[in-house]
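Remember, it's 1-based here, ligands and their atoms both numbered in the order they're listed. By convention here, the first residue in the shown sequence is residue 1.
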Amino acid sequence: MTFPLPPVEWPLPDEDATVALAQRLAALVCGHAPESLPPGGRIHLRGELGAGKTSLARALLRAGGVTGRIKSPSYALLESYNVSNLYFYHFDFYRFSDAHEWRDAGFGELLADAAVVLIEWPEQAGTRLPPPDLDILLEYAGTGRRAWLSACSEKGQLWLTHLTSSRR
Ligand SMILES: Nc1ncnc2c1ncn2[C@@H]1O[C@H](COP(=O)(O)OP(=O)(O)OP(=O)(O)O)[C@@H](O)[C@H]1O
Ligand SMILES: [Mg+2]
């Protein structure tokens, strides 16, 4: 199998649709879905400014059990959470430029954990990032959005199979 697989189109006509996709993904990524894999995995969120990356990430974190305020990590680069022994790392590399920052912050170690890792603007981290399990490209579509979901690992492929088979 050669990853990434061709992307699957997922219309998101309004923000409720984005939340619904995030909830279904959360069930899979957090190990709550009945047919689930072990919890954890990495998702890249790509798309231009305002495409809905943070909206999707926030809804996924909420569905994963994160309570309280969920800040966009655009200034801090990273916001982390812990829910019932599962770590969530939400990165935004929009302002990222410095390779030293990467090493000093120990980001590489976080990626190796069995955690839920969501990364906005992964392209800004260049080659430092390993491929994700799932790549999500968000684009504008009229007043709504459209997502393109690409599996980049066997785990991502299983998530996508579950998502598409339960699609209505
Ligand atoms: N499916 C959708 N249809 C219409 N509007 C949406 C949809 N999903 C999210 N939005 C809206 O689009 C905006 C997206 O903002 P958001 O901060 O999530 O974008 P972003 O991709 O993270 O941008 P940035 O690159 O600046 O971090 C929000 O105002 C949100 O309400
Ligand atoms: Mg954002």
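In the model, His90 has a side-chain atom that pairs as donor or acceptor with a side-chain atom of Glu120 under 3.5 Å.
Identified under the ring pair (Phe, Tyr, Trp, His ring centres under 6.0 Å) test for residues 120-143, with sequence neighbours left out: Tyr94-Trp121.
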Would you mind listing each N/O atom of ligand 1 next to any protein N/O under 3.5 Å, plus the distance?
residue, atom, partner, partner atom, Å
ligand 1, 1 (N), Leu12, O, 3.0
ligand 1, 1 (N), Asp14, O, 2.9
ligand 1, 1 (N), Thr18, OG1, 2.8
ligand 1, 8 (N), Thr18, OG1, 3.3
ligand 1, 12 (O), Arg145, NH2, 2.9
ligand 1, 18 (O), Thr54, N, 3.3
ligand 1, 18 (O), Ser55, N, 2.8
ligand 1, 18 (O), Ser55, OG, 2.7
ligand 1, 19 (O), Gly52, N, 3.2
ligand 1, 21 (O), Ala51, N, 3.2
ligand 1, 21 (O), Gly52, N, 2.9
ligand 1, 21 (O), Lys53, N, 2.8
ligand 1, 21 (O), Lys53, NZ, 2.7
ligand 1, 22 (O), Thr54, N, 2.8
ligand 1, 22 (O), Thr54, OG1, 2.8
ligand 1, 22 (O), Glu120, OE1, 3.2
ligand 1, 23 (O), Gly50, N, 2.9
ligand 1, 25 (O), Lys53, NZ, 2.8
ligand 1, 25 (O), Trp121, NE1, 3.0
ligand 1, 27 (O), Glu120, OE1, 3.4
ligand 1, 31 (O), Glu15, OE1, 2.5
ligand 1, 31 (O), Glu15, OE2, 3.4

task: Given side-chain contact (heavy atoms from CB on, under 4.5 Å), test Ile43 with Trp159 step by step and report yes or no.
output: CA-CA 11 Å; Ile43 299 177; Trp159 291 345; 3.9 Å; yes

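Taking hydrophobic clusters as Ile, Leu, Val, Met, Phe, Trp and Tyr residues chained together by side-chain heavy-atom distances below 4.5 Å, Leu25 shares a cluster with Leu86. Hydrophobic clustering places Leu158 together with Leu163 (ILVMFWY residues linked when any side-chain heavy atoms are closer than 4.5 Å, directly or through intermediates).
The aromatic ring centres of Phe91 and Phe96 sit 6.0 Å or more apart.
The CG atom of Leu61 sits 10.5 Å away from atom OG of Ser80, with the distance rounded to the nearest 0.5 Å.
Distances from the Mg ion (ligand 2) under 2.8 Å pick out these protein N/O/S atoms: Thr54 OG1, Glu120 OE1.
Taking Ile, Leu, Val, Met, Phe, Trp and Tyr as members and joining any whose side-chain heavy atoms lie under 4.5 Å apart, directly or through other members, the hydrophobic cluster of Trp148 also contains Leu137.
Ring geometry for Tyr87 against Tyr89 counts as parallel: the plane angle stays under 30°, on a 0 to 90° scale with 60° as the upper cut.
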